[in-house]
Amino acid sequence: MTTGHRVNRTAHTAVVGLQWGDEGKGKIVDLLTSEHDVIVRYNGGANAGHTVQVGDERYALHLIPSGILYGDKTCVIGNGVVVDPEKLLQEIDALRTRGIRVGTNLRISDRAHVVMPYHKEQDAALEEYLSSKTAHAQGNLAIGTTRRGIGPAYADKIRRSTAIRVGDLLDPEYLRSRLHVICTLRTAELEALGVHTAPLDPDALATKYAEFGERLRPHVDDSVYALHDAMGAGKRILFEGANASLLDIDHGTFPYVTSSNCSTLGIPSGTGVPGSAIGRVLGIMKAYSTRVGAGPFPTELDNDLGHRIRERGREYGTTTGRPRRCGWLDLVAVRYSVMVCGATGIACTLLDVLSGFDEIKLCVGYRLPNGTTTDRFIPDAHRLEGVTPIYETMPGWSAEIRDASDRTTLPQEAQRYLARIEEITGVPVEVVSLGPERTQTLVDGRRAVALATA
Ligand code: IMP
């Protein structure tokens, strides 16, 4: 048996988005994978999407950590994740079709909760109701979810009596008995939301989901012991956050957040590994800001500049294809995420998108409706809606920078922009991403040649 005090505490790394998601975590996780043995997802579900470019091949993954693209890494879907088995199996099949090995190298926690089809129906029905004319009279309260059933699945986890866990899929009779009760309740709840489909059929669902369980059986594990055993054996773990810190259910812009702890604070509960085991936290930050779905966004540019960022950055959702809202970098928000996540460094992504702007703005404070100012973030949608950003304006640069070989060869203005980010956040920008390719990355100031060929 292994215990925490035998762990090498500096060996483990966490990667987390510092904004509202889509910071380009996939590429950074991919770069760090070569230095780690086990890659772990601790939160969220198929609402997340990350894209990894390997040579000419582009992979879009939603549930499986991108470490799967390396044959020799163990990838773990932790207990804090909500798993849609149908989507997961599709992802496994798609990877295998492209020659990627998915066998015992993929472990799925038996305690991860299952996203069922009725969760997706509930998610969509609630969003429809909240954006309907009736509810509009009270203001539009729709969250703009991905409709992947995330909120309803986590709600069942908290409610306990109506939840299904991955381990339950392996016991068909137990699954069937639970679904009989759940389906009766859920049919009534869906009807209350105005969904009048045929009553949910517990036997059909039980048969289908037990089949999914059978296919997933070789991967299902007690991931908590598996992770502690790996740490005890000296393996290095990389914790991969999904969604992002400002979408954290407790610390994000509530209620316009997702339903999990996406900040690094979700790691202990979502994996069973104590926070003290993590030595390095790399926060991923876009050189500007984006947001998908509803919710406050103080630095949003609902104009030509925003449009230009969207087109240069190809800011359209990996999961839903929705155009992302774009705006200037909000360092009040990023500094707050650095604090909450305990980030020890930043990876600044998509810096190349900012080439060609005459001037670039950085938000360094907020003006409140009563005229006072603050440099503290406000993790509450209603209160954050009322703030006006206070900007510092910096000169932009015209050169394309994708092929820069060194931080010192970037235009002076780009170097100053990075230096200002370091000053305000108080942590070093350890990685700068200048394009989708592994080679278009500066690590500790220099082009990531070694990592790219690793
Ligand atoms: P849900 O996670 O589908 O419930 O969506 C809740 C909110 O989080 C919505 O505004 C989504 O657009 C947003 N969201 C969830 N996951 C991601 C992500 O991976 N990137 C960006 N936004 C996300």
Side-chain angles (χ1 to χ4, degrees), residues 15-26 29 40-52 59-66 75 77-91 94 108-109 112-128 130-131 142-158 163-164 166 239-263 266-267 269-270 284 290-295 297 315-325:
V15 169
V16 66
L18 296 175
Q19 294 153 307
W20 284 285
D22 312 308
E23 294 92 352
K25 287 185 293 288
V29 167
V40 191
R41 268 279 300 269
Y42 58 87
N43 76 297
N47 53 351
H50 53 238
T51 313
V52 183
Y59 298 89
L61 297 163
H62 296 282
L63 277 160
I64 303 181
S66 53
C75 292
I77 296 181
N79 59 277
V81 175
V82 284
V83 176
D84 178 339
E86 193 160 21
K87 281 249 176 288
L88 177 59
L89 285 163
Q90 281 166 5
E91 217 166 294
I108 306 164
S109 168
H113 282 249
V114 177
V115 178
M116 299 293 288
Y118 46 76
H119 290 136
K120 289 180 265 190
E121 279 187 68
Q122 270 184 298
D123 196 357
L126 189 59
E127 286 285 287
E128 290 298 327
L130 290 172
S131 49
I143 287 171
T145 71
T146 60
R147 302 189 177 203
R148 296 291 192 271
I150 306 298
Y154 277 116
D156 271 348
K157 172 176 176 172
I158 300 304
I164 305 275
V166 167
F239 297 92
E240 175 183 339
N243 327 116
S245 181
L246 299 178
L247 292 171
D248 185 290
I249 182 79
D250 286 291
H251 303 287
T253 48
F254 191 89
Y256 298 99
V257 290
T258 189
S259 302
S260 65
N261 286 118
C262 342
S263 67
I267 296 175
S269 61
I284 317 299
T290 63
R291 180 161 200 168
V292 204
F297 181 179
E315 293 293 354
Y316 294 89
T318 320
T319 304
T320 58
R322 290 180 289 179
R324 298 181 185 136
R325 301 157 64 194

Q. Do the non-hydrogen side-chain atoms of Thr146 and Arg322 ever get within less than 4.5 Å of each other?
A. yes
(Q) So does Gly44 get a backbone contact from the side chain of Tyr154, meaning a donor-acceptor N/O pair under 3.5 Å? (A) yes
**Q.** Heavy-atom side-chain contact between Lys87 and His62 under 4.5 Å
**A.** no
Q: Just jot down the side-chain contact (heavy atoms from CB on, under 4.5 Å) partners of Ser109, sequence neighbours excluded, or say none.
A: Asn79, Arg111, Ala112, Ser223
Q. If you look at every heavy atom in Arg291 and Tyr256, which pair is closest and at what distance?
A. NH2-O, 2.6 Å
Q.
Which heavy atom of Phe254 sits nearest to which heavy atom of Ile249, and what is that distance?
A. CD1-O, 3.5 Å
Q: Would you please test Ile108 and Leu88 for side chain to side chain contact (heavy atoms under 4.5 Å, CB included) and show each step?
A: CA-CA 10 Å; Ile108 306 164; Leu88 177 59; 3.5 Å; yes
**Q.** Partner residues of Asp248 under the salt bridge (charged side-chain N to carboxylate O under 4.0 Å, His left out) criterion, sequence neighbours left out
**A.** none
Q. Nearest heavy-atom pair of Asp123 and Thr145: which atoms, and what distance?
A. OD1-OG1, 2.9 Å
Q: Mind checking salt bridge (charged side-chain N to carboxylate O under 4.0 Å, His left out) for Glu23 and listing every partner two or more places apart, or none if nothing turns up?
A: Lys25
Q.
Quick one: does any side-chain atom of Tyr42 pair with a main-chain N or O of Ile77 as donor and acceptor, under 3.5 Å?
A. no
**Q.** 4.5 Å side-chain heavy-atom contact, Gln19 and Thr290
**A.** no
Q: For His113 and Asp156, test the side chains for any donor-to-acceptor distance below 3.5 angstrom and give the result as yes or no.
A: no
Q: Determine, for Arg324 against Asp22, whether the closest basic-nitrogen to carboxylate-oxygen distance falls under 4.0 angstrom.
A: yes
Q: Using modelled atom types only, decide if a donor and an acceptor are shared between the side chain of Arg147 and the backbone of Glu127 within a distance under 3.5 Å.
A: no
Q.
Taking Asn43's backbone N and O only, do any of them form a donor-acceptor pair with Arg41's side chain (distance below 3.5 Å, no angle check)?
A. yes
Q: Would you name the heavy atoms of Ala153 and Val114 that are closest together and state the gap between them?
A: CB-O, 4.2 Å
**Q.** Straight-line distance of Thr258 OG1 to Asn47 CG, nearest 0.5 Å
**A.** 4.5 Å
Q) So which heavy atom on Ala46 is nearest to which on Leu63, and how close? A) N-CD2, 3.9 Å
(Q) Tell me whether Glu240 contacts the main-chain N or O of Pro65 through its side chain, where contact means a donor paired with an acceptor under 3.5 Å. (A) no
Q | Gap separating the CG atom of Asp84 from the NZ atom of Lys120, nearest 0.5 angstrom | A | 3.5 Å
Q) Has the side chain of Asn261 got a donor or acceptor atom that lies under 3.5 Å from a matching backbone atom of Ser263? A) no
**Q.** OG-CG distance between Ser259 and Asn243, expressed to the nearest 0.5 angstrom
**A.** 9.5 Å
**Q.** Closest heavy-atom pair and its distance - Ala242, Cys262
**A.** O-CB, 3.3 Å
